[in-house]
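Single-structure report; data block below.
All residue numbers in this chain count up from 1 along the given sequence.
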Amino acid sequence: MKIRIVGGGPAGLFYAYLMKRDDPAHDIVVYERDPQDATYGWGVVFSDVALSFVKDIAPELYDAITENQEVFDEMAVVHQNVLVPLAHNTFHRTSRIDLLKALHKHCLSVGVDIQFNQKFDDVTQFVDADLVVAADGANSAIRTRYAAHFQPELDVRPNYLAWYGTTQLFDALSLIFRQCNDGLLIAHTYRYSRTLSTFLVECDPETFHKAGLDTMSEAESLAYCEKVFAPDLAGHKLLSNKSQWFRYTIVKNKNWFYKNIVLIGDALRTGHPSVGSGTRLAMQDSIALFEAYKACGSNVSAMLEDFVQRRKPSADALQRAAIKSTEWYENLGPKLSLDPISFAYDYVTRSGRVSHDDVRQRDPDLAAKYEALHPDWADNAARRDS
């Protein structure tokens, strides 16, 4: 098959690798808009479940992307200046750059042609391709050009985010809630290398404007966040890498393909940083599209139909959980008066997919402390789980 892939992120590269490894006769070119040595972004996280998909289908790639990983089994919530540990939440962390380098290396090893500094918003030049894969991100230019056919729904969420790094090492994946004179700021932070942590800052629109973040320069915003999170940074600085404030867009598409053009990764659907599911969704898309090819061969129409049927139920379920998580962060006002244990418990059960029994099994200490604080916990849990 002649396959052209627009977008050299995890989704496009992983799909290219799976297809070319399976059959070297495939003519596959990946077009990436950024230079090969671009260093945008900080770390990425994978759960055990997310990495198991990669390990099952490409153990050699799994070994490469986990070579320099940081693995920790604990999360933490900091609320009212109290740290509440959350046990048995294993996350694998690695640098986004290391992940891309591993994918580049494996793609090149099987003969995938990767062309950098190549930006496309149209696919008419690929008229002779059997399949065109649009893996060009949440702001997909190809999806935009063919919006009448894909029928995207773009839901821009109200909260503002800025993606920083820091040399302060947060072993536990930590969620830090800091109230100041201007309102509430939240840090999502985790160590992803021996020397660096991701430090994503989130705030609601009222806080954003009251603090004047809407008029600050990049350096001024960084300094403001350093001041708010000074107790957590313990003298370490925040680091910027084009760390501009943005609002996250939840992407959905009514139609996943048009003719021989298919969307995957963030171009197709986004999760949310609060659940760390973006890379997982992208790479599972790649696996599902590859498996659809294995089931249907070069019959592109049948393959794309199979891809939708194979992938949509689980992807939609994960996105629904991500939206619930997003809404939890956007509606924290009534919860901020909760004691630290009750607040952490509310966080753990925010998606609606975690029952009280689940909490008991995963983190019996948290469950016991919650039950002690809430004598009527059984009634509360029943209402929550219903």
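In this structure, H188 and Y329 have tilted ring planes: the angle between them lies in the 30° to 60° band. Note: F208 and W245 have perpendicular aromatic rings, judged against thresholds of 30 and 60 degrees for the angle between ring planes.
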- Determine, stepwise, if the pair F120 / F126 fulfils ring pair (Phe, Tyr, Trp, His ring centres under 6.0 Å). CA-CA 11 Å; F120 292 94; F126 305 140; 5.3 Å; yes
- Task: Report the C-alpha distance between F229 and F199 in whole Å, list the side-chain angles of each, state the deciding distance to 0.1 Å, and finish with yes or no for ring pair (Phe, Tyr, Trp, His ring centres under 6.0 Å).
- Result: CA-CA 10 Å; F229 293 102; F199 201 93; 5.3 Å; yes
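Contact annotation: the side chain of I57 approaches that of L18 to within less than 4.5 Å [non-hydrogen atoms, C-beta and beyond]. In this structure, the side chains of E330 and P158 come closer than 4.5 Å at one or more pairs of heavy atoms. Between Y190 and M75 the shortest side-chain heavy-atom distance does not fall below 4.5 Å. Residues D155 and T249 are not in side-chain contact: their nearest non-hydrogen atoms beyond the backbone lie 4.5 Å or more apart.
Checked against the 6.0 Å centroid criterion, the rings of W42 and Y192 do not qualify as a close aromatic pair. Taking the six-membered ring for Trp and the full ring otherwise, the centers of Y345 and H356 sit less than 6.0 Å from each other. In this structure, Y293 has its ring center at least 6.0 angstrom away from the ring center of F307.
The pair K210-D182 does not count as a salt bridge, with every side-chain nitrogen at least 4.0 angstrom from each carboxylate oxygen. Checked for salt-bridge contact, R143 and D136 miss the test: no charged N lies under 4.0 Å from a carboxylate O.
Residues meeting the side-chain contact (heavy atoms from CB on, under 4.5 Å) test with T144, sequence neighbours left out: none.
Counted within 6.0 Å of CD on E206, heavy atoms from surrounding residues, nucleotides or ligands total 12 or fewer; the atom is thus considered open. Heavy atoms of other residues, nucleotides or ligands lying less than 6.0 angstrom from NZ of K2 number more than 12.
Under the 3.5 Å distance criterion, with hydrogens and angles disregarded, no donor-acceptor pair is assigned to the side chains of T66 and H92.
Residue pairs meeting the salt bridge (Lys or Arg N to Asp or Glu O under 4.0 Å) criterion with at least one member in residues 4-21, sequence neighbours excluded: R4-D27, R21-E60.
D23 contributes a side-chain N or O that, together with a main-chain N or O of A25, makes up a donor-acceptor pair within less than 3.5 Å. E32 contributes no side-chain N or O that, together with a main-chain N or O of Q115, makes up a donor-acceptor pair within less than 3.5 Å. Of the possible polar contacts, none joining the R33 side chain to the Q118 backbone as a donor-acceptor pair under 3.5 Å is found. Formation of a donor-acceptor pair under 3.5 Å by the S221 side chain with backbone atoms of E218 is not found in this model. In this structure, T166 contributes its side chain and K237 its backbone to a donor-acceptor pair below 3.5 Å. In this structure, E291 contributes its side chain and A288 its backbone to no donor-acceptor pair below 3.5 Å. Between the D339 side chain and the I341 main chain, a donor and an acceptor come within less than 3.5 Å of each other.
Within the cation-pi definition used here (under 6.0 Å to the ring centroid, within 45° of the axis), R157 does not qualify as a partner of Y248.
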May I have the list of side-chain donor-acceptor pairs in residues 97-105 shorter than 3.5 Å, sequence neighbours left out?
residue : atom : partner : partner atom : Å
H104    : ND1  : L100    : O            : 3.4

